[in-house]
**Student:** 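I am attaching a structure below and will ask some questions about it afterwards.
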Amino acid sequence: MASPSVLTPQAEDFPRWYQDVVAKAEMADNGPVRGTMVIRPYGYAIWERMQAEMDARIKETGAQNAYFPLFIPESYFHREAEHVEGFSPELAVVTFAGGEELAEPIVVRPTSETVIGEFMAKWIQSYRDLPLLLNQWSNVVRWELRPRLFLRSSEFLWQEGHTAHATYADAAGYALRIHLEVYNDFLEKVLAVPTYLGIKPPSERFAGAINTMTAEGMMRDGKALQMATSHELGQNFAKAFDVYYQSEEGQAALCWTTSWGASTRLVGGLIMAHGDDAGLVVPPNLAPIQVVVVAVRDEPEVNGACEKVAAALKASGVRVQVDRGRGSFGRRVTDWEIKGVPIRVEVGPRDLAQGLVSLVRRDDGAKVQVGVDAVASEVPGMLAAMQSDIFDGARKRLLDSTFDVANVAEAMEAATTGFARLPWSAVGEAGEAQLKTEAITVRCLQRKDGSIPVSDTEDGLDCIVAKSY
RNA sequence: CGGGGCGUAGCGCAGCUUGGUUAGCGCGCCUGCUUUGGGAGCAGGAGGUCCCGGGUUCGAAUCCCGGCGCCCCGACCA
């Protein structure tokens, strides 16, 4: 179906294939400052679709969007010991502005728990003000040592949610709800990426959190990618920023807070979870362009038919674009395949003479001919089928490449090609250290039934270990 | 910060070992014609501080010294 040789084959050099896709699908470019990225229109359109889908789900849980400053006083970071220790190495700090040395250095936010904590303290007086459910869409800066477009850039885009609650149970319940109803729902239904849900072991926890939930997806090379996280911050940040409320009984009490985020890393995850040797494969529910109507030749009759088909698709709610026949057909087809557009409608004079057009699926290359007037009624079902097929395929890869093992040595062997699952009790701190010698980490802890534990101290937990991005 | 590699046209590279006409090639770009059912062909054309600074030399992309930058592999991480 595809013309190879346009991209480096995955089997030959997976990282190179990734870079080829990012470049040739016109997703992003490296920025002039090391580690920064320029997100090109097609890449940004995909991010905007992610934003729209996640934003709607976030609002459904009751959170509201707000915006906090990019610049944070450095002193804020010192108020929470673990937080400052965790983030110090990767902070970008402004010490000079307005033509002079600053009295207090300013940190370019790497995340906003601190500044938002400061304002939560201001805004929360009474139990009636709780829960306070905030989210912001923003850029953050973390001075990464080894940047890679989308996966790890010095500046990236994300949403970060921050909430304050009256009780531990309410906070933990909300963090879990976000994890399941926002992240997992988005990942499964829109991104079509199945994940292992669980909690991080203490060594991998967010700096300052008491518990970190994660969704670990599998890339096509068998490595793991953390797709989203949801943290229970306990009372650590509330204590550091004096986030108190007066209870119904008139007592002063500390809040319980959470934070949770998903970033442009998801674009990298999309590429590596679904892409093949012909390029990107974008699940229909995510795709900014679900159908491209390709004119085989640049002729009035053909172009007219393209416009007609596109109008009908648009009317039935399909995101569609027309590619008029300028330039060679093969070239244009290849370009759309690299961009991963789910369905290509080929409109050419030969078929048109019989009143037909061809529909081609990006995921499996299947081609069918339908009447010109039947396109709009055929496409929605086809898109739905693709969406579930792409998810099923990814789930099969995830399950087929997850190996149940008994000990750390076997896990290390299994992690060369996929994930290993073994009893958490068989790992421990010593096991983690041993795994690390092969760049393998504990991705998450789960209950035997795959559900999310409340704490890493629960009995009988399994852990998933793998190499990761 | 440790280990490797690379800076020559927009991108990817050759040339450097052994200094010497006008610094090449592929892709891309522009113009024209023919094309268009799987990365089209032909013809013409535009495009260069050879990373920067210094040195050696009659002469430096090439040799020497110093600097800067980038990429890949590790440690850190959404």
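All chains are named by letter (A, B, ...) in the order of the sequence lines, taking the proteins before the strands, and each is independently numbered beginning at 1. Quick caveat: nothing in here was measured; it's all calculated off a predicted structure.
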**Student:** Considering only NZ, NE, NH1 and NH2 on the basic side and carboxylate oxygens on the acidic side, decide whether A/Glu216 and A/Lys200 come within less than 4.0 Å.
**Tutor:**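 A salt bridge links A/Glu216 with A/Lys200.
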**Student:** Mind checking the P distance from B/G10 to B/C29? Whole angstroms is fine.
**Tutor:**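 Their P atoms lie roughly 15 Å apart.
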**Student:** With heavy atoms under 4.0 Å as the rule, sort A/Ser154 into base, sugar-phosphate or nothing.
**Tutor:**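 Here A/Ser154 touches no strand at all.
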**Student:** Round to a whole Å and report the spacing from CG of A/Leu359 to P of B/G37.
**Tutor:**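 Taking atom P of B/G37 as the reference, CG of A/Leu359 is at 19 Å.
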**Student:** Base, sugar-phosphate alone, or nothing: which one does A/Gly327 contact when heavy atoms must sit under 4.0 Å apart?
**Tutor:**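 Counting heavy atoms under 4.0 Å across all strands, the contact made by A/Gly327 includes a base.
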**Student:** Record whether the side chain of A/Ser263 comes under 3.5 Å of the base of B/A78 through a donor-acceptor pair of N or O atoms.
**Tutor:**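 Counting by modelled atom types and ignoring angles, a donor-acceptor contact under 3.5 Å is found here.
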**Student:** Look at all strands and tell whether A/Ala439 reaches a base, only sugar-phosphate, or nothing, counting heavy atoms closer than 4.0 Å.
**Tutor:**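 Since only primed, P, OP1 and OP2 atoms lie under 4.0 Å of A/Ala439, the category is sugar-phosphate.
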**Student:** State, without any angle test, whether A/Thr8 and A/Asp13 hold a side-chain donor-acceptor pair at a distance under 3.5 Å.
**Tutor:**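 No donor-acceptor contact under 3.5 Å links the two side chains.
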**Student:** Roughly how far apart, to the nearest Å, are B/A46 and B/A23 at atom P?
**Tutor:**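 To the nearest whole Å, 14 Å.
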**Student:** How do A/Gly86 and A/Pro349 order along RNA chain B: which one's closest nucleotide is nearer the 5' end?
**Tutor:**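 Nearest-nucleotide comparison on RNA chain B picks A/Pro349.
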**Student:** Working note: A/Phe237 + A/Tyr76, criterion ring-ring contact (aromatic ring centres under 6.0 Å, His included); need CA distance, chi angles, decisive distance, verdict.
**Tutor:** CA-CA 11 Å; A/Phe237 284 89; A/Tyr76 280 23; over 10 Å; no
**Student:** Is any N or O donor-acceptor pair between the side chain of A/Arg152 and the base of B/C77 shorter than 3.5 Å?
**Tutor:**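 Result: at least one qualifying N/O pair found.
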**Student:** Can you find a side-chain donor-acceptor pair between A/Ser230 and A/Tyr183 that sits under 3.5 Å?
**Tutor:**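 On atom types as modelled, these side chains do not qualify, holding no pair under 3.5 Å.
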**Student:** Distance between the C1' atoms of B/U49 and B/U34, in whole angstroms?
**Tutor:**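 41 Å, rounded to whole Å.
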**Student:** Within this structure, what is the CD-to-C1' distance between A/Glu299 and B/G37, rounded to whole angstrom?
**Tutor:**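 After rounding, the reported distance stands at 11 Å.
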**Student:** Just checking A/Asp351: base, sugar-phosphate only, or nothing, at a heavy-atom cut-off of under 4.0 Å?
**Tutor:**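 It contacts base atoms.
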**Student:** Using the P atom as the point on both nucleotides, what is the distance between B/A9 and B/A61, in whole Å?
**Tutor:**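 Their P atoms lie roughly 14 Å apart.
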**Student:** In whole angstrom, give the distance that lies between atom CD of A/Glu26 and atom C1' of B/C11.
**Tutor:**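 Whole-Å distance recorded here is 13 Å.
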**Student:** For a quick test of reading the model, state the closest non-hydrogen atom pair linking A/Met412 to A/Leu435 and the distance between them.
**Tutor:**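 Heavy-atom minimum between the residues: CG-CD2, 3.5 Å.
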**Student:** To the nearest Å, give me how far apart CG (A/Asp13) and P (B/C71) are.
**Tutor:**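 It works out to 16 Å between those atoms.
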**Student:** Could you check whether atom CH2 of A/Trp143 has more than 12 heavy atoms from other residues, nucleotides or ligands sitting under 6.0 Å from it?
**Tutor:**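 No, the 6.0 Å shell around CH2 holds no more than 12 heavy atoms from other groups.
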**Student:** Report yes if a side-chain nitrogen or oxygen of A/Ser328 is closer than 4.0 Å to either non-bridging phosphate oxygen (OP1 or OP2) of B/A40; otherwise report no.
**Tutor:**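 Looking at the OP1 and OP2 atoms of B/A40, one of them is under 4.0 Å from a side-chain N or O of A/Ser328.
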**Student:** Please tell me which of the listed nucleotides, B/A78, B/U36, B/G37, lies nearest to the side chain of A/Ser358?
**Tutor:**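 So the side chain of A/Ser358 is nearest to B/G37.
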**Student:** Between A/Glu438 and A/Met227, name the one whose nearest nucleotide on RNA chain B is closer to the 5' end.
**Tutor:**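 Final value for this comparison: A/Glu438.
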**Student:** Across the strands shown, which category fits A/Leu151 at heavy-atom distances under 4.0 angstrom: base, sugar-phosphate, nothing?
**Tutor:**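 Counting heavy atoms under 4.0 Å across all strands, the contact made by A/Leu151 includes a base.
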**Student:** Nearest whole Å is fine: how far is B/G37 P from A/Lys367 NZ?
**Tutor:**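 Roughly 11 Å, once rounded to whole Å.
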**Student:** How close or far is atom C1' of B/A40 from atom CZ of A/Phe329, stated in whole angstroms?
**Tutor:**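 Value for this atom pair: 14 Å.
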**Student:** For a quick check of understanding: with a heavy-atom distance under 4.0 Å over all strands, which category does A/Gln19 fall into, base, sugar-phosphate or nothing?
**Tutor:**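 The answer is sugar-phosphate, as A/Gln19 gets under 4.0 Å only of primed atoms, P, OP1 or OP2.
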**Student:** Pick the C1' atom in B/G4 and in B/G48, then give their distance to the nearest Å.
**Tutor:**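 Rounded to whole Å, the distance is 30 Å.
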**Student:** Hey, does A/Gly261 reach any base, or is it just sugar-phosphate, or nothing, if we go heavy atoms under 4.0 Å?
**Tutor:**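 No contact at all - A/Gly261 keeps every heavy atom at 4.0 Å or more from the nucleic acid.
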**Student:** Roughly how many Å apart are B/U62 and B/G55, using the P atom of each and rounding to a whole number?
**Tutor:**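 14 Å, rounded to whole Å.
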**Student:** By nearest atom, which of the nucleotides B/A78, B/C76, B/G38 is closest to the A/Val333 side chain?
**Tutor:**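 Nearest to the side-chain atoms of A/Val333, counting from C-beta on, is B/G38.
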**Student:** In this structure, how many angstroms lie between the P atom of B/A78 and the CD atom of A/Glu160, rounded?
**Tutor:**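 Computing the A/Glu160:CD to B/A78:P distance gives 13 Å.
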**Student:** Under 4.0 Å between a side-chain nitrogen and a carboxylate oxygen: does that hold for A/Arg57 and A/Glu181?
**Tutor:**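 Here A/Arg57 does not pair with A/Glu181 in a salt bridge, since their nearest N and O are not under 4.0 Å apart.
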**Student:** Could you tell me how far B/G69 sits from B/U22 if I compare only their P atoms? Round to whole Å.
**Tutor:**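 Nearest-Å result for B/U22 against B/G69 at atom P: 35 Å.
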**Student:** Which whole number of Å gives the distance between the P atom of B/G59 and that of B/G19?
**Tutor:**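 Their P atoms lie roughly 15 Å apart.
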**Student:** Are more than 12 heavy atoms, taken from residues, nucleotides or ligands other than A/Gln64, located less than 6.0 Å from that residue's CD atom?
**Tutor:**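 At most 12 heavy atoms, drawn from other residues, nucleotides or ligands, come within 6.0 Å of this atom.
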**Student:** With a 4.0 Å cut-off on heavy atoms, is A/Arg297 in touch with a base, just the backbone sugar-phosphate, or nothing at all?
**Tutor:**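 Contact class for A/Arg297: sugar-phosphate only.
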**Student:** Does this structure show an ion pair linking A/Glu432 with A/Lys436, if we count only N-O contacts that are shorter than 4.0 Å?
**Tutor:**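 No, no charged N to carboxylate O under 4.0 Å.
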**Student:** Ignoring hydrogens and geometry beyond distance, is the side chain of A/Arg344 in donor-acceptor contact with the base of B/G38 at under 3.5 Å?
**Tutor:**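 A donor-acceptor contact between them is present.
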**Student:** Checking all strands, does A/Glu346 fall into the base, sugar-phosphate, or nothing category for heavy-atom contacts under 4.0 angstrom?
**Tutor:**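 Base contact - A/Glu346 has a heavy atom under 4.0 Å of at least one base atom.
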**Student:** Which nucleotide in the list B/A78, B/A75, B/G37 gets nearest to the side chain of A/Arg350?
**Tutor:**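 So the side chain of A/Arg350 is nearest to B/G37.
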**Student:** From CG of A/Asp298 over to P of B/U34, roughly how many Å is that when rounded to an integer?
**Tutor:**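 My rounded result for the distance is 14 Å.
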**Student:** Under a 3.5 Å cutoff, is there a donor and acceptor pairing between the side chains of A/Asp55 and A/Trp137?
**Tutor:**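 The answer is yes; a qualifying pair exists.
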**Student:** Would you call A/Phe156 stacked on B/A78, i.e. ring centres under 5.5 Å apart with the planes less than 30° off parallel?
**Tutor:**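 It does: the ring sits over the base of B/A78.
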**Student:** Would you indicate what A/Glu144 reaches in the nucleic acid, counting non-hydrogen atoms under 4.0 angstrom: base, sugar-phosphate, or nothing?
**Tutor:**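 Touches a base.
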**Student:** List RNA chain B stems (3 or more consecutive Watson-Crick/G-U pairs, under 3.5 Å)?
**Tutor:**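 Correct response: B:1-7 with B:68-74, B:10-13 with B:24-27, B:29-34 with B:40-45, B:51-55 with B:63-67.
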**Student:** Taking 4.0 Å as the cut-off, does a side-chain nitrogen or oxygen of A/Lys200 come that near to OP1 or OP2 on B/A78?
**Tutor:**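 No, A/Lys200 has no side-chain N/O under 4.0 Å of OP1/OP2 on B/A78.
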